[in-house]
Amino acid sequence: MRKFSAFAIAREAMRQHKGWEAQWTSPEPRKDYDVIIIGAGGHGLGTAYYLAKEHGITNVAVIEKGWLGGGNTGRNTTIIRSNYLYDESAGIYGHAHRLWDGLSQDLNYNVMYSERGVLMLAHNVHDVQSFKRHIHANRLNGIPNEWLTPEQAKEFCPPLNISKTSRYPIMGGALQRTGGTARHDAVAWGYARAANDRGVHIIQNCEVTGITRGPNGEVTGVETTKGHIGTKKIGVVAAGNTSVVMEMAGIRMPLTSYPLQALVSEPLKPVFPCVVMSNTVHAYISQSDKGELVIGAGTDQYPSYSQTGGLHIINHTLDAICELFPMFTRVKMMRSWGGIVDVTPDRSPILSKTPVPGLFVNCGWGTGGFKATPGSAHAFAHTIARDEPHKANAPFTLDRFRTGRLIDEAAAAAVAH
Amino acid sequence: MSEAIRTKPLPATRTGSAAASVTPAPEASRISLRAGEEALAALSSALDLGLPTQPKTSESKNGRMALWLGPDEWLIIDQNGADLMALCATVSAPHSATDVSHRNTAIIISGPGAADAINGGCPLDLSLKSFPVGACTRTLLAKIEIVLYRSSEDTFRVECWRSFAPYALGMLAEGAMDASA
Amino acid sequence: MLLIHCPYCQEERPETEFRHGGEAHIARPTNIADISDEEFEAYFFIRSNEKGVTFERWRHAHGCGRFFNAARHTVTDKFIKVYKAGEPKPTLAELGLESGESQ
Amino acid sequence: MSGAYRIAGKGRLTPARQARFSFDGKFYTGLEGDTVASALLAHGVHLMGRSFKYHRPRGPISAGSEEPNALINVARDATREQPNVRATVQEIFEGLKTNSQNRWPSLEYDIGAVNNLGAPFFSAGFYYKTFMWPKAAWKHVYEPFIRAAAGLGVAPKEADTDHYANRYAHCDVLIVGAGIAGLSAALAAAQTGASVIICDEQPEVGGALHYEAGTTVDGMPGFEWAQKTAQKLAAMDNVRLLTRTTAFGYYAQNFISLTERITDHQAMVEKSAPRERLWQVRAKRVILATGAIERHMVFDGNDRPGILLASAARTYLNHYGVAVGKKVGVYTAHDSAYEAAFDLKRAGVEIPAIVDTREKPGDAVMAEAAALGIKVLTGHAVIKTSGRLRVTSMTVGRSTKGTTTKYEIDALIMSAGWTPSVHLFSQSRGKLTWDADNARFVPGTHAQDCLAVGACNGTDGLANTVEEALGAGELMARAAGAAADAEKLSLNTETAFEWTGGMVGASEGAGPDTVAKAFIDFQNDVCAKDIRLAVREGMRSIEHIKRFTTNGMASDQGKLSNMHGLAIAAEALGKDIPEVGLTTFRAPYTPVTFGTIINHARGSLFDPTRKTPMHDQEAALGAVFEDVGQWKRAWFFPRAGEDMHAAVNRECKTVRETVGMFDASTLGKIEVVGPDAAKFLDLMYTNAWDSLKPGRAKYGIMLREDGFIYDDGVVGRLAEDRFHVTTTTGGAPRVLQHMEDYLQTEFPHLKVWLTSTSEQWATVAIQGPKAREVIAPIVDDQDISNEGLPFMSVVECKVLGGVPARLFRMTFAGELGYEINVPADFGPALWDALYERVEAAGGCAYGTETMHVLRAEKGYIIVGQDTDGTVTPYDAGLGWTVSKKKTDFVGIRGLKRPDLVAEGRKQLVGLKTRNPKVVLEEGAQIVADPNQAKPMTMIGHVTSSYWSEHLGSSIALAVVVDGHKRKGETLYIPMEKETIAVEVTDTVFVDKEGSRINV
């Protein structure tokens, strides 16, 4: 594979860019593989990449029913942060955060990882208590996160309205300076190109329709729209469609899939330097390198695979955005879209072996999957390769819903009084 | 009754526009009445008012209204301040009567643009065909829950919980202004 | 915003008046204190998450207040049937669907 | 006056009605009804903007909302500045100020245009391949550079002073588009009595009739017929006609969102008028009559100012009376451009040549061209153009290789054919089908109750369109239930020419192996060669190609570019177009302001502000309020010179020593009534309620089914069948929902009903040694002695001389205490009466902060602060609330799960700092070994921490692993600057034996 660089571009510019080769190939599937990954999003492609790079397992196929990176990877608002509360969460998100730093160089693909800072706003006493708890826990876990006064928050994010007379005045914020964003497509494409380069097959437009099992219940392969493909190990990384795929192996999951919407504004000159999140008024916003304000909305209340949602959800989010940033009412929404997020009862992911030998599952990331991509992929590759979890994903088992050992980040942020 | 002063949730000032006036309603007594079918006859007789059993309908008589809110739920409003709790206390069949006179407050929207004003925040079809005179329901006004009752072709009563009243009034005033724009 | 037929109000009302109540027809075990950990997990956490026809609970929270059930297709979001709480779960045939159509 | 390119006798504007406006500081005179684009074109100004990436000079290509190039900034004043406005849409008015964007220092000389020179380097997706070394440079050098270069307009800096409105509406038939198809459909639907809403994005109805000069309907010129029809419709009671109104989103179950622009075209704006209004329409049936959009030709240098769509040139001429040039070249693959050439020629504009890629254009247009003496070059192509800020020539040949001829021109009009506007149909999730003969996607399978008619349905020809639309109007109205008798409508239409032709993809000279800058997506500067590069780099899906090249992702959403991009991709992939597929159309159709979408939800209407009945009394006492959910609660009552700390210390001290009063009205209250009320509460709470006697009260804990604490509160039994349940402030709605859920779906056999009474009652807590003497004078005829009203009892009585009240003897402060509930309107009177007595007794009002300190001194938990959704009653030291006798309650099984009964759970304890003056920070983490390396093993955290003025020391509550067994142990709290040693204690710091309460 030819190396990407400024020099390579200059060379190609001389010959009208005729020399570029395909970033990934489109092979016909082999009869069997050592490992099959179902789902070619960032997590799935990354898993294949790390299987090849870290574990020397290159006879790997990533099977995708649509086009690679076309699910939540290409539909999210690209926020990256790791300032979670519980040690378990700090473990997996921190693992990811460390891999983000240097990912472009590792993949030789500029994923535009941008450490512009993620500022989470506190609007009431309970938020303050909760954020302080996060900050202290993060500090002792070695994860950067700091408290800002309203004035410091304003300095960090000048468009912010810190007026004492706003409906929910800002009482401060938790800032993770190393948090930020990355270019979502580039993450999928970078992993795809790098995995392809190490021999991984990426098989697009191929839907898995069944999981075949051996005499002892172990997996033996997958039925697909391109025929049967054999394997001893399957990693399911199908996000919103996980329940459907796992059902093929007879496993019922603790998951519900919801529509999640997002939108961008028309491109504007740089006006918004960082990422701002407010869980209290439900606003998530940053500005892309193209100049679009990128805004995350909430989930619709009902499960759906439709990849669409209601206007009232977007309405609710923009209410909050314009309350925090009153100068944006004249900014225009240019495009809105929906994804399908798979949510577990404790809002934490599952990266785990399953009761079926050879079957592994990585799911339940809810609205937080993008930021975990490298860490999740890296740990999941370890789990598949070694048949045992990496320490970063060891707590995220499927059986925690039986034992009660939940990792409930959502409950930890429970509304007070 | 006591000499103690009542402080109403909203000042009695009229706002709105030429198309739709928006005016806080006078005090009234109210109960939330819950009962199964076996108690309806007795309660109707105690209240001297038939309890409607069809969705979205109401009965009214001498300033007393019974609004159907659900299959076992009515909002009874008496504009003359009658002691509705005492009336229901005479009924022995199982039911629940709970005084909500002070929980709720009401705003009257009246004028040719009344429906448009309410549709500034309420997602229901308020055409006379779909929401005739006498129709009532619990529904939404933008971000709050209300009970909406149509007393005449161009007059509605919006009932809401007292702490939401300033918001309701604000929404209706903006709706009324827009209805005339 | 979906439009949902409330079987108690007997008309279609806007989605924002309703509150989704999760999967339907998961009865709370009457002997709940005595069930196994696996049974409790199945009752409280495991969900069908159907891609196709799903049976779900709704409450007309800002309307008549009643819980009821609905059969809805989760790919098109179309409601196939709504029915009162306590009524039996319709079969796909009763919904006018072949079993294959649920996907 | 209104411009040298304004042609006398052409257009529909009135020459006498002039308006002056400015563009980039220079003043121009236009006519009322002009857009900024038409008014500037009338003065020969084509240069109106710069492109996104290469900063190439650009003029308007269209005369409508599909415009990708002419984006300007429009400002009424500093608070009403709008970036990214289409000059082709913005109507002028006297005093309008507009400016160009994305250029520096000026539109004519833009430094950013250096990017154009570097264009070979800035190939599609180049940024993925570079800027990676040195690593730190991305953050500090490359990214800031890219960000500064990107973006179009400048965001407003000040809060918007305009306001916006919303209207929910219902109708039988919604018709989108008021061209001849939409108007015909509306006529047919309206006469059946159906309620009809018809909207159109333009200021007047007419659609294509704006430029169709040769069309007559019922003997009238088409545009005139349209206006007459609009008047007729508007006069009908069952029709609502909305102009300047764009249907931008088509959601589930025929829910369509429209944005109506009300004041942007007005010189004087009425204060009451909203700037824009969102219409949220629920239609029984929808008719889409959204027309078609003309495509440009893809050839080298097709983006110079002065190069426009043919239909746009016709609109400027026939509607605005403006010629786009004096010497206008024509490049086309479709007959429609001929009509533009004919109109221009007849208006006196020179047409050097019509260049047609086809060997055989339509016979009719060829004959007319000959009659008008216009040269037609069939089988020819425009190979390239020249001109820096305006096109000055076109070079024409059969191919790039053969001989070419250069024509001097000052404008070039073009048409590659028409793309049906299927955006809304596609948003409705209808499936499109490929019409191979005409190279276009048209509506196929419907997903909702809608029909597409006319050009957006691929229906060609005026008569066909009208017939289809009339039929659809009646059909949809009948389907919606309209029943009035109606005559069969028909319209006589005549039109000059029926059109043929069309092409998608690159023209001659822009094919493979060329370096031509043949633009597909003007705004995002995507050329044909970029699509081919994407394919070369392995992109197979049209979604990948779109994202890699950004084709169709600009603010025009690919209205001009999608089909060309698709065709070029298909060619490069060697596939048919439908095999490559179409990208998904998404709302909005055209960009919509956030203001429209949020409309009323600003300022006080952003979210309700809930205030208690005594809010004004508390404010008068100087209270500082805190937000708790939507409530404003009095936080503390500072007196002169006091900060929060001092005020809270004084309030705490006063309560412990004398008496304090507290507004507890926000607590949730639920009236539980019915013969099975106690049975129901037995199921909802861990405690047993059957045994509670009427007149008594008890503290209850509510779990979720998983065994974790969900809410808590005091429950009083008023009668055998009536309970007064209290919940936390934030928990009120969810607790009621939770109870209703179980009651209706799991325990429907129980005869019990639930009613929220949270706001029926105003509640004042009176706490402290003097509580009884303070309330005694205001309680009518009720024994409130320790015997008459013992601790944890409740009574219905009268206060203030006849006001009905519910009087609880209870405390959340650990003192002699009462809570008095009165009907909410009497809250202020109660407060005033009590305050007078409290003050006389040396007491004070206190707020939530003092309430928190007092309860923490007693070890009383706050759900959501000391618990976080992972805490069981046992963890919280509240195991005594869990009935051992009951065989069922919600949470009974969850509590027994392996991890909930295992060792090592975090349990609630008290903490005392070794130095009593040190107050811990809430949220601070606790470790056993302070000297370990990071990441440290944390065994708990501080949940509540205060200075206790009463004790003269700090106090804290915390959850700690196996905390109940650790009493007396020393643990550590590593802070940023120091490590604090703490001792694990009991959770009760004050009056362990409860002697202060039972007096």
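In what follows, chains are A, B, ... by sequence order, proteins preceding strands, each numbered from 1.
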Top contributor to chain A contacts, counting heavy-atom pairs under 4.5 Å, from [options]:
{"options": "D/Phe131, D/Phe122, D/Phe708, D/Phe548", "result": "D/Phe548"}
{"options": "D/Glu976, D/Arg897, D/Glu922, D/His941", "result": "D/His941"}
{"options": "D/Gly538, D/Pro588, D/Ala155, D/Ala601", "result": "D/Pro588"}
{"options": "D/Ala149, D/Ser604, D/Gly923", "result": "D/Gly923"}
{"options": "D/Ile973, D/Ile146, D/Thr609", "result": "D/Thr609"}
{"options": "D/Pro83, D/Ala159, D/Ala119", "result": "D/Ala159"}

Tell me, for [X] versus chain D, whether the close heavy atoms (under 4.5 Å) come from the side chain, the backbone, both or neither.
{"X": "A/Phe325", "value": "neither"}
{"X": "A/Val271", "value": "side chain"}
{"X": "A/Glu21", "value": "backbone"}
{"X": "A/Phe7", "value": "neither"}
{"X": "A/Asn108", "value": "both"}
{"X": "A/Ser26", "value": "side chain"}
{"X": "A/Gln287", "value": "both"}
{"X": "A/Asn141", "value": "both"}
{"X": "A/His184", "value": "side chain"}
{"X": "A/Leu263", "value": "side chain"}
{"X": "A/Ile295", "value": "side chain"}
{"X": "A/Asp101", "value": "both"}
{"X": "A/Thr317", "value": "neither"}
{"X": "A/Arg183", "value": "side chain"}

[X] [atom1] to [Y] [atom2] distance, which is reported to the nearest 0.5 Å:
{"X": "D/Tyr250", "Y": "A/Thr308", "atom1": "OH", "atom2": "OG1", "value": "13.0 Å"}
{"X": "D/Lys129", "Y": "A/Arg2", "atom1": "NZ", "atom2": "CZ", "value": "11.0 Å"}
{"X": "A/Arg330", "Y": "D/Glu81", "atom1": "CZ", "atom2": "CD", "value": "9.0 Å"}
{"X": "A/Lys332", "Y": "D/Gln82", "atom1": "NZ", "atom2": "CD", "value": "5.0 Å"}
{"X": "A/Arg167", "Y": "D/Leu605", "atom1": "CZ", "atom2": "CG", "value": "11.5 Å"}
{"X": "A/Leu140", "Y": "D/Gln932", "atom1": "CG", "atom2": "CD", "value": "8.0 Å"}

Give, as side chain, backbone, both or neither, the part of [X] having an atom under 4.5 angstrom from any heavy atom of chain A.
{"X": "D/Pro608", "result": "backbone"}
{"X": "D/Asn524", "result": "side chain"}
{"X": "D/Arg80", "result": "both"}
{"X": "D/Val927", "result": "side chain"}
{"X": "D/Arg540", "result": "side chain"}

Are the side chain of [X] and the backbone of [Y] linked by a donor-acceptor contact shorter than 3.5 Å?
{"X": "A/Ser336", "Y": "D/Ala587", "value": "yes"}
{"X": "A/Arg335", "Y": "D/Arg586", "value": "no"}
{"X": "A/Gln105", "Y": "D/Met132", "value": "yes"}
{"X": "D/Lys934", "Y": "A/Arg139", "value": "yes"}
{"X": "A/His17", "Y": "D/Asp530", "value": "no"}

Over all heavy atoms of both residues, which pair between [X] and [Y] is shortest? Give the atoms and the distance, please.
{"X": "A/Thr329", "Y": "D/Arg602", "value": "CG2-NH1, 3.6 Å"}
{"X": "A/Ala13", "Y": "D/Pro120", "value": "CB-O, 3.5 Å"}
{"X": "D/Phe594", "Y": "A/Cys322", "value": "CB-SG, 3.8 Å"}
{"X": "A/Met171", "Y": "D/Trp635", "value": "CE-CH2, 3.9 Å"}
{"X": "D/Gly151", "Y": "A/Pro267", "value": "CA-CB, 3.9 Å"}
{"X": "A/Asn124", "Y": "D/Asp627", "value": "CB-O, 3.5 Å"}

### Task
Output yes when D/Asp899 and A/Arg400 qualify as a salt bridge under the 4.0 Å nitrogen-oxygen rule, no when they do not.
no

#### Entry: Contacts of D/Tyr142 that satisfy side-chain hydrogen bond (donor to acceptor under 3.5 Å, both in side chains) - sequence neighbours left out
none

Close side-chain approach of [X] and [Y], heavy atoms under 4.5 Å:
{"X": "D/Phe606", "Y": "A/Tyr168", "answer": "yes"}
{"X": "D/Lys139", "Y": "A/Arg116", "answer": "no"}
{"X": "D/Lys529", "Y": "A/Gln16", "answer": "no"}
{"X": "D/Thr550", "Y": "A/Lys290", "answer": "yes"}
{"X": "A/Asp87", "Y": "D/Thr937", "answer": "no"}
{"X": "D/Val628", "Y": "A/His126", "answer": "no"}

### Task
Assess whether side chain to side chain contact (heavy atoms under 4.5 Å, CB included) is satisfied between D/Glu921 and A/His136, documenting all intermediate values.
CA-CA 9 Å; D/Glu921 199 165 295; A/His136 289 301; 2.9 Å; yes

### Task
List the steps, then state whether side chain to side chain contact (heavy atoms under 4.5 Å, CB included) holds for D/Thr584 with A/Gln307.
CA-CA 11 Å; D/Thr584 319; A/Gln307 296 195 330; over 6 Å; no

### Message
For the residue pair D/Tyr127 / A/Asp289, report whether a side-chain donor-acceptor contact shorter than 3.5 Å exists.
### Response
no

### Query
Any chance NZ of A/Lys391 has more than 12 other-residue heavy atoms, nucleotides or ligands included, within less than 6.0 Å?
no

### Task
Return yes when atom CZ of D/Arg536 has more than 12 non-hydrogen atoms of other residues, nucleotides or ligands closer than 6.0 Å, and no otherwise.
yes

### Task
Sort out for me which of A/Trp189, A/Phe328, A/Trp24 touches chain D most, counting heavy-atom pairs under 4.5 Å.
A/Trp189

### Query
Should the pair D/Lys546 and A/Trp67 be classed as cation-pi, given the thresholds of under 6.0 Å to the six-membered ring centre and 45° from the axis?
no

